[in-house]
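Worksheet: the structure to be examined is printed underneath.
Computed from a predicted structure; not experimentally measured.
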2 protein chains.
Amino acid sequence: MQKTTHGAKGESVVQALRTAIHGGRYVPGQRLVEADLTSELGVSRSLLREAFRILSAEGLIETVPNRGALVKRLSRREAMELFEIRMELEALSARLAAKNAASEPIRARFEEEICEVWDESPRISTAAYLAENERFHGAVFSASGNGQLKVLNGQMRLSLIMAQIANSLTASEIGKSINEHRAIAMAILQGDEAAADAGSRAHLARARDFVASMPDNVFRADPKPT
Amino acid sequence: MQKTTHGAKGESVVQALRTAIHGGRYVPGQRLVEADLTSELGVSRSLLREAFRILSAEGLIETVPNRGALVKRLSRREAMELFEIRMELEALSARLAAKNAASEPIRARFEEEICEVWDESPRISTAAYLAENERFHGAVFSASGNGQLKVLNGQMRLSLIMAQIANSLTASEIGKSINEHRAIAMAILQGDEAAADAGSRAHLARARDFVASMPDNVFRADPKPT
DNA sequence: ACTGGCAAAATTGTCCGACAATATTGCTGT
DNA sequence: ACAGCAATATTGTCGGACAATTTTGCCAGT
């Protein structure tokens, strides 16, 4: 095993920060101080700042001039806008996946990635559900066969929304979500595009309404209240 | 007028590169050498590299380890995937815009931004059409009122696709495109969501088919032809 | 105690120079 | 025309430097 391939360090920094944010180790709104992170990650400011740019473009962090980077905290409006978009992208993805279900390798991969969905027992923890949720949606996007779509999915900041509302998730809500996952999975595996589309939209609509029902304090205050 | 607000230089570099690429001053596939650009733009390598990361995340350039940045050249597959997505996003955007047409300020702004579409005379040049095309689609996304959607639109790399096929554009194709723009604009202004949706899809489908008809050499060779 | 205000400390924006690793170019002899 | 190799160009990453700006901590005054 070689040292490092001269130029993979940058990517590893990005990855480290990404998983730290996804995993909730840095919470929305938290400030990311360069000096702290450079010593913590053992990289120079140059690399860290390049990583910030990448994460910023992904929407995971945001940078305020002269104040640096902070973990993005979505406003209610942004969250709703994202759901509006997500509904279309997920529906498209589900339709494509259903069409692709005829292809054996794609189908096999998909079935393996989502197998946990068939487990009807309650989930062990909220964190476990959040991870499963990301895996499920990721699997659908992968099965869609559209690489660009999968990239765009990464920009929908699912994990940020979840991090902001995680505390309010109830077992009942989680149960509903997983039941819907199951319905979508079945539709895809049966190659039923219309059902996959409708199931995805229903799933997203319910999730959207749930998020919409959250109190203001879980969201970043919207700019310009006149 | 003050010097600069301490920290706007980075953004200006990004903007300079962006417009240079959009405007075709750097062509797809062209390599972007750091040393050249730092002296040309008068900034340090640090800033230039940060700009590269941003542009890369936007999909305008791509970076190969140890070879640096080059203007992105889309493969046929990527272009088709983007059209598939764009069809959904534009249709959504058009529906939302149609719904918003009832709002006077939004409507006024939209009408102003797309006024050129009513001009039925042939366009002065391909470049003029390309600019008009971006303005039109941008206007629809703006009128949608969904900020995230507008951001996503920027990631669809319309300008890259156009740069790759610009030479093959005929006056007839341009005419068709603008007629479709007109139809979409009318549907939006009349608040006819269904027509706006259908018009957008038709427009995108035709554009997709046209791009699909291009010969292989305008695209980047696809990886893995086994 | 509380508050406004100011100086000190922390932090960011930007530049520069350095050096190893890798890629590209150009020469050499055949 | 060409394989091989050396010279050169370019990227990846680091560390330091310094001005502009923000944040913090302290103090006087009411």
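- B:Ile61 has its CD1 atom 12 Å from the P atom of D:dT11, to the nearest Å.
- Between A:Glu62 and A:Arg67, no side-chain nitrogen of the basic residue sits less than 4.0 Å from a carboxylate oxygen of the acidic one, so the salt-bridge criterion is not met.
- Between the CG atom of B:Leu70 and the P atom of D:dT10 there is a distance of 15 Å, rounded to whole Å.
- As a whole-Å value, the separation of B:Leu48 CG from D:dT10 P is 14 Å.
- In DNA chain C, runs of at least 3 stacked Watson-Crick or G-U pairs (N1-N3 plus N6-O4 or O6-N4, or N1-O2 plus O6-N3, all under 3.5 Å) give these stems: C:1-30 with D:1-30.
- A salt bridge is absent between B:Glu78 and B:Arg73; no separation between the charged side-chain nitrogens and carboxylate oxygens falls under 4.0 Å.
- The shortest distance between side-chain heavy atoms of A:Leu47 and A:Ser44 falls below 4.5 Å.
- Across all strands, B:Leu32 comes closer than 4.0 Å only to sugar-phosphate atoms, never to a base (heavy-atom distances).
- Relative to the side chain of A:Ser46, the nucleotides D:dG15, C:dT11, C:dG13 differ in distance, and D:dG15 lies closest.
- Atom pair B:Arg31:CZ and C:dT25:P shows a separation of 8 Å (rounding to whole Å applied).
- You'll find the side chain of B:Phe136 reaches within 4.5 Å of the side chain of B:Ile184, heavy atoms only.
- Taking atom CG of residue A:Asp36 and atom P of nucleotide C:dA10, one finds them 12 Å apart after rounding to whole Å.
- To the nearest angstrom, P of C:dG13 lies 12 Å from CD of B:Glu11.
- No side-chain donor-acceptor contact under 3.5 Å links A:Glu88 to the backbone of B:Glu88.
- Within the structure, side chain to side chain donor-acceptor pair (under 3.5 Å) contacts touching residues 207-218 of chain B (residues at least two apart or in different chains) are B:Arg76-B:Asp216.
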Pairs under 3.5 Å (N/O, protein and nucleotides 17-19 of chain C):
unit_1	atom_1	unit_2	atom_2	d
C:dA18	N6	B:Arg45	NH1	3.3

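- Annotation: side chain of A:Asn146 is not in contact with side chain of A:Phe141 (no heavy-atom distance under 4.5 Å).
- Between A:Arg135 and A:Glu113, every side-chain heavy-atom pair lies at or beyond the 4.5 Å cut-off.
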